[in-house]
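Report on the structure given below.
The first residue in the sequence is number 1, and the count goes up from there.
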Amino acid sequence: MGLSYWLRGNVGAMVVSWFLFAISGSLTQPYMSMYLHMLGASDIEIGLVRSLGSLAVLLTILPGGVLTDVVGRKRSIVVGTWGIAAVQFLYAVVQDWRQFAVVYVVDWALHFYQPALTAILLDSLPPHRRGGGMMLTAVLPQVPWLFLPPVGGYLLDHMGLLGMRLSFVLSGLVSVTVAVLRMRALEETIEVRPLDGRRLLREVVRSYAIWRGVRLMSPFMAYVAFLGFVTSFAGTALQTFGVLYAVNVVGIDNTSWGVTQSAATAVGILFGLVLMSVIDKAPRVTALFSGLLLMSVGYLMLGLWKNIVSLVTAAIIVGVGGEVAMSIRRALVGDLITPENRGRVMGSTLALEYMGSIAGGVSIAHLYAASPHLAFLASGIALAAASLPLLRRLASP
């Protein structure tokens, strides 16, 4: 099945828009913690900023799950995307880490539409292609990460704060393009019924009862949602402190860290394209366990060895494992949850993921401040322990 099969309709629009977002993200995201550090933040304060951002999106993503089922997928996505586009320019003018924290909180609060992104994809993908479709949307838009992280690192190494500010201006311009594309190309996938303001407000308030979304899940699906908590908790170590570990502990420069990110992306894309055609043929449990195992091994490597080889290898296998695990967890929502409840379930699922980021931002930051290797070991052990029920499920008849 050719690539043209996927690059049409809502799926194509989402792939292209995520590709463009990856252009902006690959310039800035690998160096966010370094930017914070240059603005005066300590390791613990960097973790605190990450936790505050996760808390902000947690408070908005729950009603966002309701809104995507009530006001529609497209409207939620378009409003949120325009907000995020505007925020990118604010990152370019902050003067200290506290101002950065305020912008970061606003940025992540505007990610309320994430349940709508997943829901519109699941609505638009045929059931027998959900795993491959989710893998494609995770892999193909990452192509800019093959080339641009070293560019962002070069700007940071040679221009300092000005280089980061320039990267954020470019990010804002690209994000505006994404907002226009989504506004014009996306098509609504559900029938949007009129809803009076009082009832909408009641539904928004009730959305904070996370257990309502969990009650729509089977016990296995609830466990899969809990895995999102664990992977986000563990991911804090590399996502937040990877650049600081690479530069301050391993001893490479920002540009080399960008090259590492590009290498990890290249291997991830290669594996993703290979797996895209077969992932729906493999048992979901087997694929999910494999992804978690790869992530665990990667973090344990970082905890045990301090050198560039283990850093690059770990970044690669954590990236591959994360893509597989996330694609399968999202596909299981499509397999096990009815369309009318997917927005609410995705809201609860994403809420658990951000709870993991909140917990990780606080606890992993303290572990990293005490010992970077201890932070990575804790992440690897947490992932290994969380995957044990899958191992028992694989071993059962």
Quick one: does [X]'s side chain have a donor or acceptor within less than 3.5 Å of a partner on [Y]'s backbone?
X	Y	value
Ser232	Glu353	yes
Lys74	Glu187	no
Ser76	Tyr113	no
Ser371	Leu367	no
Ser51	Val362	yes
Gln95	Val93	yes
His373	Leu302	yes
Thr81	Ile77	yes
Arg165	Val94	yes
Ser262	Leu146	yes

Which atoms form the tightest heavy-atom contact between [X] and [Y], and what is the distance?
X	Y	value
Ser26	Leu148	OG-CB, 3.2 Å
Tyr223	Leu390	OH-CG, 3.4 Å
Val250	Ile308	CG1-N, 3.9 Å
Arg329	Gly228	NH1-CA, 3.5 Å
Ala365	Gly47	CB-CA, 3.7 Å
Ala315	Thr260	CB-CG2, 4.1 Å

Quick one: are [X] and [Y] in side-chain contact, heavy atoms under 4.5 Å?
X	Y	value
Asn254	Met34	yes
Arg182	Met14	yes
Tyr354	Phe229	no
Leu39	Leu161	yes
Met38	Tyr31	no
Leu155	Met164	no
Ser175	Phe21	yes
Phe289	Leu391	yes

Hydrophobic clustering (ILVMFWY, side-chain heavy atoms < 4.5 Å, transitive) - are [Y] and [X] grouped together?
X	Y	value
Val249	Val243	yes
Leu58	Leu48	no
Met183	Leu20	no
Leu36	Leu55	yes
Met32	Trp145	no

Between Tyr91 and Gln99, do the side chains contain an N or O donor and an N or O acceptor separated by less than 3.5 Å?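 Side chains of Tyr91 and Gln99: no pair found under 3.5 Å.
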Does a side chain donor of either Gln88 or Ser171 reach within less than 3.5 Å of an acceptor in the other side chain?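 Result is yes, a qualifying pair exists.
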Out of Thr240, Ile46, Ile44, Leu244, which residue meets the side-chain contact (heavy atoms from CB on, under 4.5 Å) rule with Tyr368?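 Going through Thr240, Ile46, Ile44, Leu244 one by one, the side-chain contact (heavy atoms from CB on, under 4.5 Å) with Tyr368 is satisfied by Leu244 alone.
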To the nearest 0.5 Å, tell me how far [X] [atom1] sits from [Y] [atom2].
X	Y	atom1	atom2	value
Leu181	Arg184	CG	CZ	9.5 Å
Met326	Leu227	CE	CG	14.0 Å
Phe376	Ser310	CZ	OG	9.5 Å
Lys306	Met301	NZ	CE	15.5 Å
Ile317	Leu294	CD1	CG	6.0 Å
Leu352	Thr231	CG	OG1	10.0 Å

Could you please spell out the steps behind the salt bridge (charged side-chain N to carboxylate O under 4.0 Å, His left out) verdict for Arg50 and Glu45? CA-CA 9 Å; Arg50 180 180 176 87; Glu45 288 165 344; over 6 Å; no
Hey, would you say the Tyr35 and Phe168 ring centroids sit under 6.0 Å apart?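 When the ring centroids of Tyr35 and Phe168 are compared, they turn out to be within the sub-6.0 Å range.
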Quick check: are there more than 12 heavy atoms from other residues, nucleotides or ligands sitting under 6.0 Å from NE2 of His37?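 Not buried by this count: 12 neighbours or fewer within 6.0 Å.
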